[in-house]
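Right, one structure below, let's go through it.
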Amino acid sequence: MIAAIKPAGSNTRGLLAYLYGPGRHDEHLDPHLVAAFAMLGMPDPGRDEHATLTELGHHLDEPVRLRNSEFGKEVTDHVWHCPVRAAPGDRYLSDAEWGENAQRIVQAAGIAPAGDDLACRWIAVRHADDHIHILATTVREDGRRPKLHDSGIRVGDECREIEKDYGLRRLKKGDRTGARRPTQAEMHKAERLGWEQTSREWLQDRIRFAIPHATSTGELFAYLEADDILVKPRRGPSGDLLGYAVGRPGDLNKDGVQIYHPGGKIAPDLSLPKLNARLETSAPEEHPTARRDRPATAWDQATEALDTLHTEITGTSADQDARTQANISALGELIEATAQAAPADHRAQLRAASAAFAHAQRSQIRAEDRAAHALRTAARDIVHTATGPDGSAFAALTAALLWAAILAARWHEAKGHAHQADAARQAAQRLQSAADAALAPMLTALEARRPGEGTCRTLANDVRAAVPEHAERILADPGWPGLATVLADAEASGHKPHQLLKEAAARRELSTARQPARVLISRIQHTSRNPPPNRRAEAARLRSVSASAFGAPSPNDQPRTTAAPTSQPSRHRR
C-alpha cells in the first residue's frame, strides 16, 4: 500500500472538483465518501443529489475561515492531500476497509490523533477500486496548526502495518534515499509533448551520463550545457556556488517560462554538496611498495580496480561502511561509463543495468568518497579512451561488474537497505545478460581450439587440486572445454594453471555461480594477460624500496647471490 502526501495546497473546492469529477481520462467511477472526521450530517455529493461540492468545501474550511478572521493573517497552505493506493495484485478492499485504513492514516500523520476532539477536518473519497484520496484542512478546531513534521515517515510505517493486518502485499519501508516519483501532472505533460520520460527522469539520466566525464562541478556544468541542457547556478553575494538547477529545453510552465529543477530534487545524490564530494576528491598517493606493472588498457585497469572491491565490502566498522558506500556509489559510475563506451550491440543491457543500479548508489550511510578514487579514475579513463575493448577484456570487465553488483546487493541486504539491495539485484540480472553475451563469441572460438584429451585430463587434475569443492561442477559445466583452452594458453605463456585457478577462485566465490567454468574463463584470461610473476625480482624491488626509505645500505651489506633458474620446465603431456 502506497500513501503519497502531496505538497500543501490552498484550494479546497478545486481539489474536491477533481476528486468528484470524471478524471482526466474518465477514470473516476462512482466517487463517494468512505470515511470522514464526522460522517453524521456530512454532505456527500457522490451519494446525495442535493449536496454540492461548494457546501462540502465550506464544511471542511470552516476552522480555516475562523482562524483567518481571528488572527487577520490568511492561511494559504491548508489543504492536505494524500492518495492511498493498494499495490498491484492486491485484492480490492471494501468501503468499510478503506474507511478504517483512512482513519489509521490520518491518525498516524497527526491530522486527527486518536481521541482528539479538536483535530483537523478530513474526508476520504473513493473513486476507483484500488485507491482512495484523503483530503484534510490543516487548521484544528481550536485554531492551532497540526504537527506534521515527518508525517510521511509515520504514514509509511502505518501502511506497512496495514499490509500486515489485511494480508496485502508487503512493501519495503522507505528511507528517503529514493528519487521522487513523477507526479500525475508530469506524466501527463510528457505524454502530451510526446516525451518518453518526464523532465526530471530525463535530466537525471543526462546528469548521470555526464558524471564520468567530469572532475569538477564546473566541468560537469560545461558538459551538460554542451549537451543542450540548461544550467542555472545559484551563487552567494561573494560569488561562491551555493547550488544549481537544470532545465530541459522546451519544458515551459503555463506562462511560457522555462522550468528548472534543483539537482537535489531530481535525486538525493545529485545535490551540489554530494556532487562536489564525488567529483573533487584528490588522488591518494600510491604506497611506495605498490606494484608498477599496471595493465595497459583502461578496460584492464577497470577490472583491476574491481578486483579489490570484495576486500572493501567485508568490514563491519563505521569507517569501513563509509568506504564501502563510496565504492558502491563509484561502481554505478563505472557501470555507466562502460555502457557508454561498450560495443554498440551491448549498450542496451548495460544502460539498463546502470539505470537499475542508481538507487543502490545511495543510502543513509555517509560515503567516504576519497576511498573510491580507483573506481572513479577507471570510469573516467574508459569514457575518455579512444579505442574500444577487445573481446576478452570486455568479457572480463562485464563479469567483474556482475560480481561487484552481487557484492553490493549482499552488503545492502546485510545493512537492512531493502530498496538498495533490490536495485543492485536488478542491475545484476542485467549485467548477467551482458556478461553472457560478451562471453558467447569468445567461448565458441575457445571451444574450437580445445586441447587434446591428455592435456584436458591433466588440467582437470589441476582443477581438482586447486578448487576441490567446486571441481565437479566446473568439469560438468558446458564451458569446461573453453576453460581448458584458456588454461592451456596460460601455461604456454609461463603461468601455472593450478595457481591461476586458486587466485581466480579467491577473488570470485563460485558457490552461487550458475556456470563456474565461464566465470573462471573471464577471470583467468584477465590475470594471464600479465607476465608470470617473478618472485625474486619482486623481492629485490621491495628491498630496494626499503633501502631508499631508510637510508643506503652499509658497505658491509652483501647482496644475496642465490641463482634463480633461467626457465621453468614444462609439464610432460600425454
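Closest approach of Ala513 and Val519 over heavy atoms only: CB-CG2, 3.9 Å. Contact detail for Leu272 and Leu242: the closest heavy-atom pair is CD2-C, 3.5 Å. Of all heavy-atom pairs spanning Met187 and Pro182, the tightest one is CG-CB, 3.9 Å. A pairwise comparison of heavy atoms in Ala358 and Gln204 identifies CB-OE1, 4.4 Å as the closest pair.
Interatomic distance, CG of Leu401 versus CG of Leu331, reported as 6.5 Å (0.5 Å rounding). With rounding to the nearest 0.5 angstrom, the CZ atom of Arg518 is 12.5 Å from the CG atom of Leu520. Expressed to the nearest 0.5 Å, how far CG of Leu439 lies from OG1 of Thr398 amounts to 8.0 Å. One distance of note links CH2 of Trp195 with CH2 of Trp202; it measures 8.5 Å at 0.5 Å rounding. For the atom pair Thr324 OG1 and Ile365 CD1, the distance stands at 8.0 Å (nearest 0.5 Å). Atom CD of Glu219 is separated from atom CD1 of Ile211 by 13.0 Å, given to the nearest 0.5 angstrom.
Between the side chain of Asn11 and the backbone N or O of Gly14 there is at least one donor-acceptor pair closer than 3.5 Å. For Asn253 (side chain) and Asp255 (main-chain N/O), a donor-acceptor pair under 3.5 Å exists by modelled atom type. Between the side chain of Gln258 and the backbone N or O of Arg248, at least one donor-acceptor pair lies under 3.5 Å.
You'll find the side chain of Ile5 reaches within 4.5 Å of the side chain of Trp80, heavy atoms only. Arg192 places a side-chain heavy atom less than 4.5 Å from the side chain of Lys189. Between Leu135 and Thr12 the shortest side-chain heavy-atom distance falls below 4.5 Å. No side-chain heavy atom of Lys164 sits less than 4.5 Å from a side-chain heavy atom of Cys159. Under the 4.5 Å side-chain criterion, counting only non-hydrogen atoms from C-beta, Glu74 is not in contact with Val64. Between Val84 and Ile134, the closest side-chain pair of non-hydrogen atoms falls below 4.5 Å. Contact check for Asp150 versus Arg154: side-chain heavy atoms found under the 4.5 Å cut-off. For the pair Glu333/Leu375, no side-chain contact is recorded, criterion being any heavy-atom separation below 4.5 Å from C-beta on.
Under the side chain to side chain donor-acceptor pair (under 3.5 Å) criterion, Asp390 pairs with Ser392, Arg529, sequence neighbours left out. Applying the side chain to side chain contact (heavy atoms under 4.5 Å, CB included) test to Pro233 and every residue at least two apart in sequence or in another chain returns Val231, Arg235, Leu241. With sequence neighbours left out, Asp381 forms a side chain to side chain donor-acceptor pair (under 3.5 Å) with no residue at all. The side chain to side chain donor-acceptor pair (under 3.5 Å) test applied to Lys254 returns no partner, not counting sequence neighbours. Scored by the side chain to side chain contact (heavy atoms under 4.5 Å, CB included) test, Ala421 finds His412, Glu413, Arg425 as partners (sequence neighbours excluded). Applying the side chain to side chain contact (heavy atoms under 4.5 Å, CB included) criterion to Ala302, with sequence neighbours excluded, gives Leu334, Ala378, Ile382, Leu397. In terms of the side chain to side chain donor-acceptor pair (under 3.5 Å) criterion, Glu368 has no residue partners (sequence neighbours excluded). Residues meeting the side chain to side chain contact (heavy atoms under 4.5 Å, CB included) test with Glu163, sequence neighbours left out: Met1, Arg160, Leu168, Arg170, Leu171.
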Next item on the list: Apply the test side-chain contact (heavy atoms from CB on, under 4.5 Å) to residues Glu336 and Phe357: give CA-CA distance (whole Å), side-chain angles for both, the deciding distance (0.1 Å), then the verdict.
Entry: CA-CA 9 Å; Glu336 173 60 37; Phe357 198 76; over 6 Å; no

Checklist line | CA sep, side-chain torsions, deciding dist, call: Leu220, Leu279, side-chain contact (heavy atoms from CB on, under 4.5 Å) | finding: CA-CA 9 Å; Leu220 178 66; Leu279 295 175; 4.1 Å; yes

Item checked: side-chain contact (heavy atoms from CB on, under 4.5 Å) assessment of Leu350 paired with Arg430 -> CA-CA 7 Å; Leu350 288 167; Arg430 299 287 190 174; over 6 Å; no

Next item on the list: Decide salt bridge (charged side-chain N to carboxylate O under 4.0 Å, His left out) for Asp369 and Arg323; before the verdict, give the C-alpha distance in whole Å, the side-chain angles of both, and the deciding distance to 0.1 Å.
Entry: CA-CA 7 Å; Asp369 288 288; Arg323 294 174 60 85; over 6 Å; no

Margin query: Does Leu15 form a side-chain contact (heavy atoms from CB on, under 4.5 Å) with His81? I'd like the steps, not just the answer.
Written below: CA-CA 9 Å; Leu15 180 54; His81 177 207; 3.7 Å; yes

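Ion pair Asp77/Arg145 flagged as a salt bridge, since at least one NZ, NE, NH1 or NH2 atom sits closer than 4.0 Å to an Asp/Glu carboxylate oxygen. Salt bridge status for Asp205 with Arg351: absent, with no side-chain N to carboxylate O gap under 4.0 Å.
Each side chain to side chain donor-acceptor pair (under 3.5 Å) pair with one or both residues in residues 263-275, not counting sequence neighbours, appears once here: Arg208-Asp269, Asp269-Arg278, Asp269-Arg362. Residue pairs meeting the salt bridge (Lys or Arg N to Asp or Glu O under 4.0 Å) criterion with at least one partner in residues 79-90, sequence neighbours excluded, are Arg85-Asp130. Sorted by first and then second residue, the ring pair (Phe, Tyr, Trp, His ring centres under 6.0 Å) pairs involving residues 246-265 (not counting sequence neighbours) form an empty list. Screening residues 206-239 for ring pair (Phe, Tyr, Trp, His ring centres under 6.0 Å) gives Phe209-His213, His213-Tyr223, His213-His384, Phe221-Tyr244 as the qualifying pairs, with residues at least two apart or on separate chains.
Ser199 and Glu186 are not linked by any side-chain donor-acceptor pair at a separation below 3.5 angstrom, with hydrogens and angles left out of the test. Defined by atom type and a distance below 3.5 Å, a donor-acceptor pair is missing between the side-chain atoms of Asp422 and Gln426. No side-chain donor-acceptor contact under 3.5 Å links Gln364 and His417. With no hydrogens or angles considered, a side-chain donor-acceptor pair links Thr198 and Glu201 at under 3.5 Å.
Between His131 and His133, the distance separating the two ring centers is shorter than 6.0 angstrom.
Under the side chain to side chain donor-acceptor pair (under 3.5 Å) test applied with Ser363, the options Gln325, Lys415, Gln420 reduce to a single match, Gln325.
By the 6.0 Å and 45° rule, Arg523 does not stack over the aromatic ring of Trp403.
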